Amino acid sequence: VQAKGDCPNQDIIDKLTQLMELHKAKMGDDDHWRAFSYSKSIRALRNYPRRIKTYEEARGIRGVGEKTAKKIEEILQTGDLQRIKYEKTKDVEVTRLFQGIYGVGQSIAFKWYSAGCRTLDDLRAGKGGVKLSPVQEIGLQYYDDLNDRMPRAEAKAIFELIKPIALSIDPKLYIEIMGSYRRGKADCGDIDILITRPVDDGNTHRGVLPCLLQKLHAADIITEDLALPEDPDDLEAIYRGLCHVPDVKGSKRRRIDFLSVPWTARGAALLYYTGDDIFNRAIRMKANVLGYSLNQKGLFGNIVRDPRDRRIKMNAGVLVASETEEEIFKILGVPWQEPHERVR
Ligand code: DCP
Ligand code: MG
Ligand code: MN
């Protein structure tokens, strides 16, 4: 047995080890035996006393199979092993594909990859025992639609179907599109709708969102639910789902979000929900620097932070502003920016 350092075939062992580790990390059916077969070859090579010169010589070593011998030959001839690059890019490519499914992040994508899935059809077939959640199933079913952005006009058309239905429930509702649409973008990833209602007559929008959702299902505008509000009777609620233009053959599924907030929080909600996300991060940072805390509910002052970690807040603070975007900008000393200017 040779010491690791002075093994005459160390470069080969290194490459095969790299490949073995890549297969091990994946744990698919065939990855498992591949990793095992490489581990056998690697052990054999460690004990082999001479520099291997040819394919035939490699093939003659007990424990080295035909495919591994081919790889050894490639390393001898080129100093490299293409399969390593392939295994690496393959997992990036496949996990990216899987992360295109609504509700799938990096860790789930990699879990499925490790189970041996490589294509959307593998997922559909439940290869490797993979099981999708109901939401992921919907994401998979409408994969192409949901990875497409809709023209601004389509977001407008869908909203114009929704708005009168909402106003038929309560004519005093405030209902508008936020997100990329409000920023004036030519295309939208989804439709973000803010709902609230003035309280000057003593009424609120309590219960409106569940009622609206039911009507939108009945009108075949909303087609699938992805996430329902936690407490439908709360003035503050979030809904995520899919919608389409009804009665138009081949109309695509589109993402739709509803956010309902108390009337007094509308400014902070408008600001948050209009974005974009980079602008939001910047203005929240600015608030933090000034000793405030900004979120979708409002701008809060008298924030006490943990001196050991300034990110940790020790109290909820005192509400300073939340009714209009303008006052939040003003208190933070940020010059007013129109929605279309709030971009990265
Ligand atoms: N938002 C945020 N941080 C996030 C997600 C969202 O601040 N992580 C805010 C800013 C966004 C708004 O919510 O503008 C709406 O979220 P969307 O994901 O719908 O993003 P956009 O509407 O801006 O873009 P898209 O056209 O892709 O929907
Ligand atoms: Mg959006
Ligand atoms: Mn959204």
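In this text the structure is predicted, and so the values were computed from the model without any measurement. Every number for a ligand or one of its atoms is a count from 1 in the order of the listing.
Environment of NZ in K90: crowded, with over 12 heavy atoms of neighbouring residues, nucleotides or ligands closer than 6.0 Å. Residue-environment remark: CG (D247) stays at or below the threshold of 12 foreign heavy atoms within 6.0 Å. Residue K330 places its NZ atom among 12 or fewer non-hydrogen atoms of other residues, nucleotides or ligands, all under 6.0 Å distant.
For the Mn ion (ligand 3), the nearest N, O or S atom contributed by D257 is named OD2. The atom name of the N/O/S atom in D192 closest to the Mn ion (ligand 3) is OD1. Note on D190: its N/O/S atom closest to the Mn ion (ligand 3) is OD2. Considering just the N/O/S atoms of D190, the one nearest the Mg ion (ligand 2) carries the name OD1.
Regarding atom 6 (C) of ligand 1, its nearest protein heavy-atom neighbour is Y272 OH, 3.8 Å. Protein heavy atom nearest atom 20 (O) of ligand 1, with residue, atom name and distance: D192 OD2, 4.5 Å. The closest protein non-hydrogen atom to atom 8 (N) of ligand 1 is D277 CB, 4.8 Å. Protein heavy atom closest to atom 21 (P) of ligand 1, with residue, atom name and distance, is S180 N, 3.8 Å. Given atom 7 (O) of ligand 1, the protein heavy atom at minimum distance is N280 ND2, 2.7 Å. The closest protein non-hydrogen atom to atom 12 (C) of ligand 1 is Y273 O, 3.3 Å. The protein heavy atom nearest to atom 11 (C) of ligand 1 is G275 CA, 4.0 Å.
Side-chain contact of Q18 with D14: a donor-acceptor pair under 3.5 Å is absent, judged by distance alone. For the residue pair R310 and N288, no side-chain donor N or O sits within less than 3.5 Å of a side-chain acceptor on the partner.
The atoms of ligand 1 that sit less than 4.0 Å from any heavy atom of T274 are 14 (O). Heavy-atom proximity to D190, at under 4.0 Å, picks out these atoms of ligand 1: 19 (O), 22 (O), 28 (O). Short contacts between ligand 1 and C188, defined as distances under 4.0 Å to a heavy atom of the residue, involve ligand atoms 26 (O). The R284 neighbourhood of ligand 1 comprises atoms 7 (O), with distances under 4.0 Å to a heavy atom of that residue. Against a heavy-atom cut-off of under 4.0 Å, G189 is close to the following atoms of ligand 1: 25 (P), 26 (O), 27 (O), 28 (O). For ligand 1 and R149, the ligand atoms under 4.0 Å from any heavy atom of the residue are 25 (P), 26 (O), 27 (O). Less than 4.0 angstrom separates some heavy atom of G179 from each of these atoms of ligand 1: 22 (O).
Interatomic distance, Y181 OH to I191 CD1, rounded to the nearest 0.5 Å: 9.5 Å.
Between R281 and ligand 1 there is no heavy-atom distance shorter than 4.0 Å.
Taking the charged nitrogens against the carboxylate oxygens, E236 and K297 do have a contact shorter than 4.0 Å, which makes a salt bridge.
Contact between Q99 and A109 at its shortest, heavy atoms only, is CG-CB, 3.8 Å. Considering all non-hydrogen atoms of both residues, M314 and R305 come closest at CG-C, 3.7 Å.
If you check each of R183, M178, R152, M150 against atom 14 (O) of ligand 1, the one with the closest non-hydrogen atom is R183.
A heavy-atom distance below 4.5 Å is not found between the side chains of K252 and M150. The shortest distance between side-chain heavy atoms of I256 and I162 falls below 4.5 Å.
For D187 (side chain) and R149 (main-chain N/O), no donor-acceptor pair under 3.5 Å exists by modelled atom type.
A perpendicular orientation is assigned to the rings of Y174 and W263, their planes being inclined by more than 60° (bins at 30° and 60°).
There is a protein heavy atom less than 4.0 angstrom from atom 28 (O) of ligand 1.
Checking D192 against the Mg ion (ligand 2), an N/O/S atom falls under the 2.8 Å cut-off.
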